[in-house]
2 protein chains.
Amino acid sequence: MLESLKALGDLHRQNILRLLADREMGACEIIQAIGLSQPAIAHHLKILKQAGLISGEKEGKIVFYNLNKDGLKELLKQIDGFLNDLSCFSCSLPKPSPLRQNPNLCAEMGFDPDVCAKMTEEETCSKRKRR
Amino acid sequence: MLESLKALGDLHRQNILRLLADREMGACEIIQAIGLSQPAIAHHLKILKQAGLISGEKEGKIVFYNLNKDGLKELLKQIDGFLNDLSCFSCSLPKPSPLRQNPNLCAEMGFDPDVCAKMTEEETCSKRKRR
DNA sequence: ATATGATATATCTAATAATTTAAATATTTA
DNA sequence: TAAATATTTAAATTATTAGATATATCATAT
């Protein structure tokens with residue numbers, strides 16, 4: 001998901017996706033439409049492809065690019081899971097920090113290593129135990 | 001949305017959000033939990049705050065950070081709109097490129113400026129006319 | 001009250017790392 | 001051989017980071 005979010009976090013790449021939302025396009029068309037150099041477009045297309053957001057099929061000289069709808073759907077599911085999981089949108093007031101009780105001891109406080117030690121790219125909060 | 005996606009596209013910032021999913025935290029707690037320098041954390045917190053994903057309220061010496069659930073909800077809505085809009089998840093086979101008919105003329109092809117000329121950060125495909 | 005010192009956070013600055021880009025080159029296909 | 005795309009390389013830009021410094025708050029001593 002991190003890779004896909006990085007792929008989405010660039011305006012040119014968003015615009016490539018917007019172009020492909022209308023129809024498939026050959027790379028040369030995308031180059032003209034976006035107005036960057038051919039290698040720059042090739043680079044962005046590679047990033048989008050590696051993120052699973054588009055597909056490219058070579059047909060003769062031309063590589064036709066399309067949205068990967070399954071990839072987009074999967075990404076949306078992941079983001080939805082991540083964000084929902086984070087904010088648990090409906091539930092519960094935020095728990096107060098122990099610093100509220102103990103405002104002088106920030107430097108001395110320890111941390112539950114479970115909370116953060118092994119957080120990885122794809123892990124979401126629901127996989128951690130809540131207290 | 002671009003700004004928020006960039007904010008999400010960093011593992012440390014994702015982990016800060018994961019931490020805050022459990023409870024509010026003082027900045028000093030976040031520093032210890034993530035293990036970066038104080039200025040680096042301050043920088044990431046600023047980016048997350050500017051993206052509307054967290055809030056910080058100062059209470060004495062300590063700034064307590066919380067998830068901004070409304071911001072997260074709003075972002076999810078935008079991403080959902082963007083991705084759904086792109087792939088129009090249920091509908092229609094992809095339209096073929098005109099290059100399918102005309103495979104020799106990539107360099108000479110013109111482009112409908114409506115399709116791409118004024119694409120901006122927040123514009124989604126549904127706002128463009130479809131053909 | 002006022003000064004002093006300690007703590008928490010933010011900002012500034014500079015170094016490093018990563019990303020983006022275009023020119024040059026390579027590869028594939030007609 | 002020419003056209004379309006990918007890869008390599010190098011330059012420019014941007015992002016990330018830590019050290020130094022600045023600001024604000026609180027506790028304590030005068």
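Here is the naming used below: chain letters follow the sequence lines, and residue numbers restart at 1 for every chain. Here the structure is a predicted model, which means the values were calculated and not measured.
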Nucleotide nearest [X] when distance is taken to its side chain, options [options]:
| X | options | value |
| --- | --- | --- |
| Pro39(A) | dT28(C), dT8(D), dT9(C) | dT8(D) |
| Ala42(B) | dT11(C), dT5(D), dA23(C) | dT11(C) |
| Ile62(B) | dT17(D), dA8(C), dT16(D) | dA8(C) |
| His44(B) | dT21(C), dT17(D), dG19(D) | dT17(D) |

Could you state the atom-to-atom distance from [atom1] of [X] to [atom2] of [N] in whole Å?
| X | N | atom1 | atom2 | value |
| --- | --- | --- | --- | --- |
| Lys58(B) | dT11(C) | NZ | P | 10 Å |
| His43(B) | dA14(C) | NE2 | P | 17 Å |
| Leu2(B) | dA15(D) | CG | P | 10 Å |
| Asp10(B) | dT17(D) | CG | P | 6 Å |
| Asn102(B) | dA3(D) | CG | P | 15 Å |
| Ile30(A) | dA6(D) | CD1 | C1' | 14 Å |
| Ile54(B) | dA10(C) | CD1 | P | 9 Å |
| Lys6(B) | dT16(D) | NZ | C1' | 14 Å |

Problem set entry | Distance test, side-chain N/O of Lys61(A) to OP1/OP2 of dA2(D), below 4.0 Å | no

For this session: Give a yes/no answer on whether the side chain of Tyr65(A) brings an N or O atom under 4.0 Å of OP1 or OP2 in dA6(D).
Result: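 Result: yes.
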
When we call it a touch if two heavy atoms are under 4.0 Å apart, what does [X] touch: a base, just sugar-phosphate, or nothing?
| X | result |
| --- | --- |
| Ala27(A) | sugar-phosphate |
| Leu36(A) | sugar-phosphate |
| His12(B) | sugar-phosphate |

For this session: Report the C-alpha separation of Glu29(A) and Tyr65(A) in whole Å, then their side-chain angles, then the decisive distance to 0.1 Å, and conclude whether the side-chain contact (heavy atoms from CB on, under 4.5 Å) test is met.
Result: CA-CA 10 Å; Glu29(A) 298 182 275; Tyr65(A) 283 95; over 6 Å; no

Exercise. Has the side chain of Gln38(B) got a donor or acceptor that lies under 3.5 Å from a partner of the other kind on the base of dA8(C)?
Worked result: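 No, no donor-acceptor pair under 3.5 Å.
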
Exercise. Which residue, Ile41(A) or Lys46(B), contacts DNA chain C at a nucleotide closer to its 5' end, judged by nearest heavy atom?
Worked result: Lys46(B)

Exercise. With nearest nucleotides of DNA chain C determined for Ile47(A) and Val63(B) from heavy-atom distances, which residue corresponds to the more 5′ nucleotide?
Worked result: Val63(B)

Exercise. Any Lys/Arg nitrogen of Lys77(B) or Glu74(B) sitting under 4.0 Å from an Asp/Glu carboxylate oxygen of the other?
Worked result: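 Counted as a salt bridge, because a side-chain N and a carboxylate O are separated by less than 4.0 Å.
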
Problem set entry | Among Leu86(B), Asp85(B), Ile79(B), Asp80(B), side-chain contact (heavy atoms from CB on, under 4.5 Å) partner for Phe82(B) |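 With Phe82(B) as partner, Leu86(B), Asp85(B), Ile79(B), Asp80(B) yield a single side-chain contact (heavy atoms from CB on, under 4.5 Å), made by Leu86(B).
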
Exercise. Does CD in Glu57(B) sit with more than 12 non-hydrogen atoms of other residues, nucleotides or ligands closer than 6.0 Å?
Worked result: yes

Problem set entry | Ala51(B) to Ser4(B) - nearest heavy-atom pair and separation |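 In terms of heavy atoms, the two residues are closest at O-OG, 3.5 Å.
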
